[in-house]
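A short worksheet on the structure shown next.
The first residue in the sequence is number 1, and the count goes up from there.
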Amino acid sequence: QVQFVESGGGLVQPGGSLRLSCAASGNIVRIYTMGWYRQVPGTQRELVAYIISGSGTTNYVDSVKGRFTISKDGGKNTVFLQMNSLKPEDTAVYYCYANLGGRTYWGQGTQVTVSS
């Protein structure tokens, strides 16, 4: 079993910032990749960003490039998403995930709302 503790979501005005955190724990030998998806009700889930643990290589969906930064603390099995210059279209439930090689585990999600 793998468990996640997600935090950092909330309500913010357009142009503001939030920092999401996700710490994985449990039956973990090695995490290969960690990242974040987001989902708006009634739409398909969208991959926002991920980071490869061994190399530090990152990838972002085009709509967040230059505004979001993903980072990690590998020793603590933790991934972060720094979100700057937030827009209303960033509003969604954000889910962290960890790929352990054999399968992928998901967090419970945290709500991010960008509105005036």
Under a 3.5 Å distance rule, please check whether [X] uses its side chain to pair with a backbone N or O of [Y] as donor and acceptor.
X: E6; Y: Q108; answer: yes
X: T43; Y: P41; answer: no
X: R38; Y: V93; answer: no

Heavy-atom pair with the smallest gap, counting every atom of [X] and [Y]:
X: T78; Y: A23; answer: OG1-CB, 3.5 Å
X: A49; Y: Y60; answer: CB-CD2, 3.6 Å
X: S115; Y: P14; answer: C-CD, 3.6 Å
X: R67; Y: S85; answer: NH1-O, 3.0 Å

Minimum side-chain heavy-atom gap [X]-[Y] below 4.5 Å:
X: N77; Y: I28; value: yes
X: V112; Y: T91; value: no
X: N27; Y: L100; value: no

Out of curiosity, [X] [atom1] to [Y] [atom2], how far, rounded to the nearest 0.5 Å?
X: I52; Y: I31; atom1: CD1; atom2: CD1; result: 14.0 Å
X: Q39; Y: E46; atom1: CD; atom2: CD; result: 10.5 Å
X: N99; Y: R30; atom1: CG; atom2: CZ; result: 10.5 Å
X: K87; Y: S63; atom1: NZ; atom2: OG; result: 8.0 Å
X: Y105; Y: Y97; atom1: OH; atom2: OH; result: 15.5 Å
X: D90; Y: T113; atom1: CG; atom2: OG1; result: 11.0 Å

Original post:
Taking only residues two or more places apart in sequence, or in another chain, which ones meet V12 in a side-chain contact (heavy atoms from CB on, under 4.5 Å)?
Top reply: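 Partners of V12 under the side-chain contact (heavy atoms from CB on, under 4.5 Å) test: L18, L86, V114.
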
**OP:** Only counting residues at least two apart or in another chain, list the ones meeting side-chain contact (heavy atoms from CB on, under 4.5 Å) with S7.
**Re:** S21

Original post:
Per the side-chain contact (heavy atoms from CB on, under 4.5 Å) rule, which among N59, V64, L81, V48 passes with I70?
Top reply: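 When N59, V64, L81, V48 are each tested with I70, the side-chain contact (heavy atoms from CB on, under 4.5 Å) holds only for L81.
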
Original post:
For the hydrophobic clusters of this structure (ILVMFWY residues joined by side-chain heavy atoms under 4.5 Å, transitively), does one cluster hold both M34 and V61?
Top reply: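 Result: yes, single cluster for both.
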
Original post:
Take atom CD in E89; do more than 12 heavy atoms of anything else shown fall under 6.0 Å from it?
Top reply: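 It does: E89 CD has more than 12 such atoms within range.
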
**OP:** For the pair K65 and D62, find out whether any cationic side-chain nitrogen is under 4.0 Å from an anionic carboxylate oxygen.
**Re:** yes

**OP:** Using ring-ring contact (aromatic ring centres under 6.0 Å, His included) as the criterion, point out the one residue from W36, Y37, Y95 that pairs with W106.
**Re:**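 Result for ring-ring contact (aromatic ring centres under 6.0 Å, His included) with W106: Y37.
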
**OP:** Report the C-alpha distance between Q82 and S17 in whole Å, list the side-chain angles of each, state the deciding distance to 0.1 Å, and finish with yes or no for side chain to side chain contact (heavy atoms under 4.5 Å, CB included).
**Re:** CA-CA 8 Å; Q82 179 67 46; S17 298; 4.0 Å; yes

